[in-house]
Every structure is written in structure tokens, then in C-alpha cells.
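Chain naming here is simple, since letters A, B, ... match the order of the sequence lines and numbering starts at 1 in each. Since this is a predicted model, take the numbers as computed values, not measurements. In what follows, every heavy atom counts, from backbone to side chain, and hydrogens, waters and symmetry copies are set aside.
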Number of protein chains: 2
Amino acid sequence: MALTDTNSWTGIREELLRRIHDRVWEPGAQIPHEADLAEEFGCARTTVNRALRDLAESGLVIRKRRAGTRVALNPPQRATLTIPIIREEVEALGKTYRHSLLERAYQPVPPMLHGVFHASLGEDVLYLKTLHFADERPYAFEERHINLDTVPEARQRKFEVSSANEWLVHNAPYSRGDLSFSALNANEDTARILDCTQGTALFAMERITWTGDAPITHVKLIFAPGYRMRSTI
Amino acid sequence: MALTDTNSWTGIREELLRRIHDRVWEPGAQIPHEADLAEEFGCARTTVNRALRDLAESGLVIRKRRAGTRVALNPPQRATLTIPIIREEVEALGKTYRHSLLERAYQPVPPMLHGVFHASLGEDVLYLKTLHFADERPYAFEERHINLDTVPEARQRKFEVSSANEWLVHNAPYSRGDLSFSALNANEDTARILDCTQGTALFAMERITWTGDAPITHVKLIFAPGYRMRSTI
DNA sequence: CACGTTAATATGTGCATGCATATTATCTTT
DNA sequence: AAAGATAATATGCATGCACATATTAACGTG
């Protein structure tokens, strides 16, 4: 038995992981209580708890009070992806970033968003169209709606120097958000803006952020051809 | 000062969050040490530690030994997305799932994967082409390479009844993986297979999983038109 | 003054313990 | 026997303490 260092919580986590991987404990099976494991590893229950909590967080085991801990039947395949600020993403590629504001207007809430941005908001929505460049080549096209009820200060901002994204990140922290990714064919407009041929498959990301119950902003980002969003599990 | 319940670690986390959101502590600024906070909240240092650890995990604060804790300058926008087993995803939509194995062959490692599946593997790679259906309509097209050095048992499997994905999830747990998403235009083959017109923008997901240093499998999933991958922040 | 050594300090983590809480099993009561 | 009250139990969480470790600041020596 290749013993890992079993008196650190990470060590214990590794050992538990090994037992799950090696099917010492089958999927769905119950594993010993914290107290027993603590005794086996010769450590405090707190330490085992820490390890189990961590495994539960990553979805590998399911814990319920009184019911005990069991190995997850279908270990959900979770990936955490970091959505960077576009400027940083571009600069990380070693390219110079620039953005240009194509349009800034006060618009009625588009029908698509009536469900989230309550229709009662009337005209109080700021609409922004921005193009992000990497080394002077179009990188992503952004359409954004900002809820002025939630973020009235946005009215004063031109968003010409610093992008709306960065400003909002720093000034209107959100508590939760919905995110979705899709593929779409470039229409005439986006093809022109992103400098590609019509019909090209483009990667799109849509996001709505909220603070509490109030929507802050809706963004749709359409990336230039060839974009890949990467992540690790 | 709207006081939250400050003698639970979650309560303390909320209060700290509030101070960050309300800019009591500006981005980049140092926040008091655990000991001071513990005294202020009248709780044990451990409890404050727990709260701070959690905030650090979600990227809102940066912690360094001796250097202290400071509010993150650019709170990274992290999203955890769960990659479901296709069958479950389809069934969750209330549709009936079916898959069909289009091809099963032992192939040399494709050049694209030489970097990961070491070329020395020679022919020991199982290649699978699978089509997943939802209510008898194509849902996703899957191309997969399985490293038979790592998972020799796969040689015995036909993968006609249970899909390779499910079998691998249960029989070859991975320790890490690379994931990427992109958009592509349907070529003649994929258009035929997914029953759409050539050129349609399709959402694709690529994934390589490893156990330790040994690659297990590479999958490329191309979804039928209209697919959206959703997540929450 | 440059550079390596040492001390101070903030977080990281372990331990023993006790109580809280959710959930299940068991024991009543009707 | 069905329904409701009660006890048992496994995890969740807080406490106080001690020591480990990384990092910075201060110090001292050539």
C-alpha cells in the first residue's frame, strides 16, 4: 500500500481519492464515518472532515447528515473556467489591446430581454456596441445593455477610454450571473465588423449579471473566427 | 451598519463581502489580519480563516503568508460549468436518448494528437465515431481516441450498448483534463451526419483527460445546430 | 555598501473538544 | 396499523491552542 502523507488534510484527500479511483469504495457505496477514518489515519476528525468537505465540493462524494458519505454515482465533470477581461486576455497573448465604441444609446429594452430586464424599466437602459481589437485586428464584438436603475452612475460614463466591462467589474460587483455559449453564423453586419466572410462560424458568449434580484447588465460577445475558449478540469 | 450574523463563518464571509462590495476596502488594499478581524467579530481566528479562505478560493481576495490579505484588483470572473453525460443531458430535456456507433477502429495516432498521445504508442489507439440522438434526431457527433496503453480493457468493449463516455467515466477516472470550446462550420460530412446544411455554425467541445501523466482519451463533440451550453456564476 | 543571515510576522494547518442540526430509526399513542 | 413524538447518529461548525511555513524586514559582517 503506497502510503501518502496521511497527516495532512491534502494527504488524506489523496488517499481517499485513490480508494475511490481504485474502486476500494465502489460508486454509490457508503464510506466509513469521519470518526473511523480519523482513527485509521491517526488524525483528528477535523482533518478528515476537511478532506471530505473538499471531495464533496468537487462533487466526488455526496454527504448528508446522519445518512453519511457515499461515493458519487456519476462524478459530475466540473470545469471552472475563468472569464477574463478582454483587455487582459489580449495582452496575455502578447498583443496590444484597443477598443472602439461603435454606438452608445438609450434604448427601450429589446423584447429578447423583457423577461429579465423587467419591461417596466421603460427607456432606462443604456445600449453599447463595442469592438475589441488585438494588434489592430478585430478580436471580439460586444453588445451590451446596462440597467440604469441599478447602475445610474453609468449614465455619466462615456466608456470611450475604459471599457464598460472593466468599469462594471470594478464598480458594480454582481452576486450572480447566467452564462451561455453558442455558435452562430456571421451575418452581414457582424461579418463586416469582424472582418470575415459572411457565414463564418463564430463563437459567442452571452452573460447576464445580477446583484441580488436586480439585473445589472446583459452582454453578448461575438469573437473573431478561430477563437477557442480553454479551461482545465 | 446592517449587521449580519457574525458568529458563523458564512456570516463573516458575507460581512467581508459587503465591505469589499461597498468599497470599505478598495481593490488592492490590504485588509486587517485574521487576528484583528477575529477580535472585531468576537470569534475565533479559525472562523475568520475559514471565511477568508473561501473568499480567496473564489478569487476575491489574494492571500500570502506574512504579506497579508488584500482585495483582488481584478476579481476574476469564474464560472463552474458542469459537463453532463450526454444521455443525462438529453433525458433531462425530456427526450429519449439513443446512440449509434458509426465506426470502431484501431488507428495510428492522428498527427494532431502526437503531442499528447505520445507517437511511440504506435497503433494502440482505439478510434470511435458515435452519433448521439435525442428523440431520434441527431444531437451530437462524437469522435474519440482511447489510449489502450492506459485503458487496455477498452479493447474488449464494443461500446454499442453503453457509450464510451459513460464507460470511461465509471472505469477510468481521470485526474485532470484540458477542455476547449469553439465554433466551426459544418463540412460535408458533419452536415450529413448531423442532418443540417453545409456551413451551419456548430458548437464544438474538445477534451483530453489524463490520469497522472498518461493520457486516457481525447474526445471531440460537435453538437447539432442551436446548441447552447449554459452555466451560472 | 552589498550581500547573506536572522528575526518578526501573517497565514496555513493540525488537534481535542463540545455543541448544533439534519436525518433516520425507533418507540409510542391512538 | 398508521401517524406522530422521540431518541440516536453522522456530519457541520465553532473554539482555543500550538506549531509549521513562507515572506518580509531588520540586522550585521566582510
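- Every residue meeting the side chain to side chain contact (heavy atoms under 4.5 Å, CB included) condition with R13(A), not counting sequence neighbours, appears here in chain and number order: W9(A), T10(A), A51(A), D54(A), L55(A).
- An OP1 or OP2 oxygen of dT13(C) is reached within less than 4.0 angstrom by no side-chain nitrogen or oxygen of T47(A).
- In this structure, the CZ atom of F41(B) is 18 Å from the C1' atom of dC13(D), given to the nearest Å.
- The CD atom of E39(A) sits 16 Å away from the C1' atom of dC15(C) (whole-angstrom rounding).
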Cut-off 3.5 Å, no hydrogens considered: what does the side-chain donor-acceptor table look like for residues 83-90 of chain A, sequence neighbours left out?
| residue | atom | partner | partner atom | Å |
| --- | --- | --- | --- | --- |
| R87(A) | NE | E166(A) | OE1 | 3.4 |
| R87(A) | NE | E166(A) | OE2 | 2.8 |
| R87(A) | NH1 | E91(A) | OE1 | 3.2 |
| R87(A) | NH2 | E166(A) | OE1 | 2.9 |
| E88(A) | OE2 | N74(B) | ND2 | 2.8 |
| E89(A) | OE2 | Y227(A) | OH | 2.7 |

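- Comparing dC13(D), dA16(C), dT15(D) by their closest approach to the side chain of R53(A) singles out dC13(D).
- Among residues two or more places apart in sequence or in another chain, the side chain to side chain contact (heavy atoms under 4.5 Å, CB included) test is passed with T82(A) by P76(B), R78(B).
- At whole-Å resolution of the value, CD in E34(B) and C1' in dG16(D) are 14 Å apart.
- Comparing T46(A) and R45(B) along DNA chain C, the residue whose closest nucleotide (by nearest heavy atom) sits nearer the 5' end is R45(B).
- With sequence neighbours excluded, no residue satisfies ring-ring contact (aromatic ring centres under 6.0 Å, His included) with H33(B).
- Here the P atom of nucleotide dC17(D) and the CG atom of N49(B) are 17 Å apart, to the nearest Å.
- Legend: residues meeting side chain to side chain contact (heavy atoms under 4.5 Å, CB included) with I62(B), ordered by chain and number and at least two apart, are A72(B).
- By the 4.0 Å N-to-carboxylate-O rule, R53(B) lies too far from E57(A) to be salt-bridged with it.
- The interatomic distance linking R70(A) (CZ) with dT23(C) (P) rounds to 14 Å, in whole Å.
- We find that CG of D54(A) is positioned 16 Å from C1' of dT11(D), with the value rounded to whole Å.
- Applying a 4.0 Å cut-off to non-hydrogen atoms, the residues of residues 58-68 of chain B that approach DNA chain D are R65(B), R66(B), listed by residue number.
- The ring-ring contact (aromatic ring centres under 6.0 Å, His included) test applied to H145(B) returns Y127(B), H218(B), not counting sequence neighbours.
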Atom pairs, N/O to N/O, protein against nucleotides 3-5 of chain D, distance under 3.5 Å?
none

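- Whole-Å rounding puts the R13(A) CZ to dT13(C) P distance at 10 Å.
- The side chain to side chain contact (heavy atoms under 4.5 Å, CB included) search around Q30(A) returns R70(A), not counting sequence neighbours.
- Ring planes of F203(A) and F223(A): tilted class, angle from 30 to 60°.
- Distance CD (Q30(B)) to C1' (dT11(C)): 12 Å, rounded to an integer number of Å.
- Within the structure, every side-chain polar atom (N or O) of T69(B) is placed at least 4.0 Å from both OP1 and OP2 of dA10(C).
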